[in-house]
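All remarks here apply to the structure that follows.
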Amino acid sequence: MPGSWLVRLTGLAVSFAILFLAGQILAEDKTVELLATKRVALESGWRTVGVQRDAEGNYYVLNEADGVIWIYDKEFSTQGRIFIGGEAEGRSPRDFAVTREGKIVVADWVGGGRVSVYDHNGSLVSSFPFPRPWSVATLSTGEILIAGFQKGQLVSVVSQEGTPLWTIGSLVPITEEPNRNAFLNVGRLAVDPQDNIYYGFSFLPEATIRKYSRHGDLLAELRPQSERVRQMATMARQKLESENSFGGSMIILALALDESTGSLWVCSAGQIFQIGPDGTTRKVYQFKMAPNRPVGAQGILVENDRLIVTAQRYGVWLAPKPE
């Protein structure tokens, strides 16, 4: 795939975010306002794309623009930072995850793509090539899940040294052009405490989330149906069919599990969706920094009593977890 085509494709795709609604048909007037209460992790601002927590309660925040993961304690006091690829090397991180033993796994597009593993002090443990990794997650037993520009499967499962173990899921045939089809099938990953794997297609016109067992058995597929989703799906298909269009429209930006309730939380275009274990949408929230100031949520971490939300333009914010 030519580099310039890929840059244009990715840039255009990320520029277009489409509203994602899941489960039952929901009217716009049922959207609930979710107001941020405090900004934290002040060192990370423009192009903050994700937040994770380790078993000790420390937080990690990825800043894509600087290629840095900031490390914070339980009170969000700064503890250090990890320079992805080293201070002197190029870097282009897309996603990261934290293993249960506290190692940090980073998906990086430098040099065509690689996945790197760091210890909690930021020392490099391992690094191996992978074509354009888009999202990463980890199983409870330490294996790494990678979603990227793959032509045969959705997810590769590898060891922390990069040894291939097994694959999960098959691509949806969107276009006959293999490279473009691989791009349009990339997705976001999340894992629940039982090691069930959730795959949210980033660019599939019909918003879709698949749930797999850790070994790749398809357990469920959420296909949202509403008038708004149908309108957005029509627009996405028109973009895909346009001869002048290089990319798709981003549908799903992030997934997160609420370990206390089993609910799945989805970020898309400034709105946050709470989907129950039965697959139905419980609530749709409009995330705002202040009244009448909606914020595009890029990532989310769900805790017992609060949500931690990241936004590319505005950094990291706390919000009360709705009852």
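Sequential numbering from 1 along the given sequence is applied to the chain's residues.
Cluster annotation: Val49 and Ile84 are assigned to the same hydrophobic cluster (Ile/Leu/Val/Met/Phe/Trp/Tyr, side-chain heavy-atom contacts under 4.5 Å, transitive). When hydrophobic clusters are built by joining Ile, Leu, Val, Met, Phe, Trp and Tyr residues whose side-chain heavy atoms come closer than 4.5 Å, directly or via intermediates, Val117 is not grouped with Phe96. One hydrophobic cluster holds both Ile82 and Leu124 under the rule that ILVMFWY side chains link at heavy-atom gaps under 4.5 Å. Note: the hydrophobic cluster containing Leu145 does not contain Val115 (ILVMFWY, side chain heavy atoms under 4.5 Å, direct or indirect links). Leu42 and Tyr314 are not part of a single hydrophobic cluster, where members link through side-chain heavy atoms under 4.5 Å apart.
If you check the side chains of Thr48 and Glu64, you find no donor sitting under 3.5 Å from an acceptor. Side-chain atoms of Ser140 and Asp195 form a donor-acceptor pair, as typed in the model, at a separation below 3.5 Å. A donor-acceptor contact closer than 3.5 angstrom links the side chains of Asn179 and Lys151. Between the side chains of Thr138 and Glu143, no donor-acceptor pair is found at a separation under 3.5 Å.
No side-chain donor-acceptor contact under 3.5 Å links Ser116 to the backbone of Val106. A donor-acceptor pair under 3.5 Å is formed between the side chain of Ser135 and the backbone N or O of Leu189. With hydrogens and angles disregarded, no donor-acceptor distance shorter than 3.5 Å links the side chain of Glu206 to the backbone of Leu204. The closest donor-acceptor contact from the side chain of Asn121 to the backbone of Ser123 lies at 3.5 Å or more, if one exists at all. Here the side chain of Glu33 pairs no donor or acceptor atom with the backbone of Pro291 at under 3.5 angstrom. Distance alone, capped at 3.5 Å, places no donor-acceptor pair between the Ser92 side chain and the Val110 backbone. A donor-acceptor pair is defined here as one N or O able to donate and one able to accept, closer than 3.5 Å; such a pair exists between the side chain of Asp95 and the backbone of Val136. The closest donor-acceptor contact from the side chain of Ser159 to the backbone of Thr163 lies under 3.5 Å. Looking only at distances, no side-chain donor or acceptor of Thr175 sits under 3.5 Å from a matching main-chain atom of Arg180.
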>> If you apply the rule ring pair (Phe, Tyr, Trp, His ring centres under 6.0 Å), what do you find for Tyr199 with Phe201, and how did you get there?
In response: CA-CA 6 Å; Tyr199 189 92; Phe201 289 85; 5.0 Å; yes

> Could you go step by step and tell me if Phe130 and Trp109 meet the ring pair (Phe, Tyr, Trp, His ring centres under 6.0 Å) rule?
Replying inline: CA-CA 9 Å; Phe130 192 92; Trp109 277 23; over 10 Å; no

> Should Leu34 and Leu307 be marked as a side-chain contact (heavy atoms from CB on, under 4.5 Å) after you check the CA-CA gap, both sets of side-chain angles, and the distance that decides it?
Replying inline: CA-CA 10 Å; Leu34 179 61; Leu307 305 177; 3.6 Å; yes

>> Walk me through whether Thr141 and Arg214 qualify under side-chain hydrogen bond (donor to acceptor under 3.5 Å, both in side chains).
In response: CA-CA 11 Å; Thr141 45; Arg214 62 172 285 137; 3.3 Å; yes

>> As a quick check of understanding, evaluate side-chain contact (heavy atoms from CB on, under 4.5 Å) for Leu257 and Tyr198, giving each step before the final call.
In response: CA-CA 9 Å; Leu257 269 297; Tyr198 296 80; 3.8 Å; yes

> Can you check side-chain contact (heavy atoms from CB on, under 4.5 Å) on Val155 and Gln153, steps first, answer last?
Replying inline: CA-CA 6 Å; Val155 182; Gln153 60 282 323; over 6 Å; no

>> Ile275 vs Val266, test: side-chain contact (heavy atoms from CB on, under 4.5 Å). Steps then yes/no.
In response: CA-CA 8 Å; Ile275 303 175; Val266 181; 3.9 Å; yes

>> Set out, in order, the CA-CA distance, both residues' side-chain angles and the distance that settles side-chain hydrogen bond (donor to acceptor under 3.5 Å, both in side chains) for Ser44 and Asn63, then state yes or no.
In response: CA-CA 6 Å; Ser44 187; Asn63 185 279; 3.2 Å; yes

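Annotation: side chain of Ile146 is in contact with side chain of Val158 (closest heavy-atom distance under 4.5 Å). Using a 4.5 Å heavy-atom cutoff, the side chains of Lys321 and Asp305 are not in contact. Inter-residue side-chain proximity for Tyr59 and Ile71 is flagged as unmet; no heavy-atom pair is nearer than 4.5 Å. With a 4.5 Å cut-off on side-chain heavy atoms, Glu259 and Pro193 count as touching. In this structure, the side chains of Ser202 and Arg188 come closer than 4.5 Å at one or more pairs of heavy atoms. Contact annotation: the side chain of Leu154 approaches that of Asn185 to within less than 4.5 Å [non-hydrogen atoms, C-beta and beyond]. The side-chain heavy atoms of Trp265 and Ile272, taken from C-beta on, include a pair separated by under 4.5 Å. No side-chain heavy atom of Glu221 sits under 4.5 Å from any side-chain heavy atom of Lys211.
Between Asp54 and Arg100, none of the side-chain N atoms (NZ, or NE/NH1/NH2) sits under 4.0 Å from a carboxylate O, so this pair counts as no salt bridge. One finds a salt bridge joining Glu303 and Arg53 here, because a Lys/Arg side-chain nitrogen approaches an Asp/Glu carboxylate oxygen to under 4.0 Å. Between Asp108 and Arg114 there is a salt bridge, with a side-chain nitrogen of the basic residue lying less than 4.0 Å from a carboxylate oxygen of the acidic one.
Rounding to the nearest 0.5 Å places CD1 of Ile209 at 11.5 Å from CD1 of Ile251. From Phe273, atom CZ reaches atom CG of Leu264 across 11.5 Å, with rounding to the nearest 0.5 Å. Within the model, atoms CH2 of Trp317 and OG1 of Thr37 stand 9.0 Å from one another, a figure rounded to the nearest 0.5 Å. The distance from the CD atom of Glu161 to the CZ atom of Phe128 is 8.5 Å, given to the nearest 0.5 Å. The distance from atom CG of Leu62 to atom CD1 of Ile69, rounded to the nearest 0.5 Å, is 5.5 Å. The line from NZ of Lys74 to CD of Glu56 is 7.0 Å long, rounded to the nearest 0.5 Å.
Each of Val172, Ile197, Leu219 was scored for a side chain to side chain contact (heavy atoms under 4.5 Å, CB included) with Arg210, with one residue passing: Val172. With Ile308 as the partner, the side chain to side chain contact (heavy atoms under 4.5 Å, CB included) test is satisfied by one option alone out of Ile300, Leu301, Val61, Val302: Leu301.
Residue Pro322 comes nearest to Tyr285 through the heavy atom pair CB-OH, 3.2 Å, listed as atom of the first residue, atom of the second, then distance. Asp73 and Ser77 make their closest contact through OD1-N, 2.8 Å (heavy atoms, listed as atom of the first residue, atom of the second, distance). In terms of heavy-atom proximity, Gly67 sits nearest to Pro93 at CA-CG, 3.9 Å. Between Thr167 and Ser156 the shortest heavy-atom distance is CG2-OG, 4.4 Å. In terms of heavy-atom proximity, Lys283 sits nearest to Val32 at CD-CG2, 4.1 Å. Shown here for Ala256 and Ala190, the closest heavy-atom pair between the two residues is N-CB, 4.5 Å.
With a 6.0 Å radius and a threshold of 12 heavy atoms from other residues, nucleotides or ligands, Asp278 has its CG atom above the threshold. Arg306 CZ: more than 12 foreign heavy atoms inside a 6.0 Å radius.
Taking the six-membered ring where tryptophan is involved, the planes of Phe183 and Trp134 are perpendicular, since the angle between them exceeds 60° and thus also 30°.
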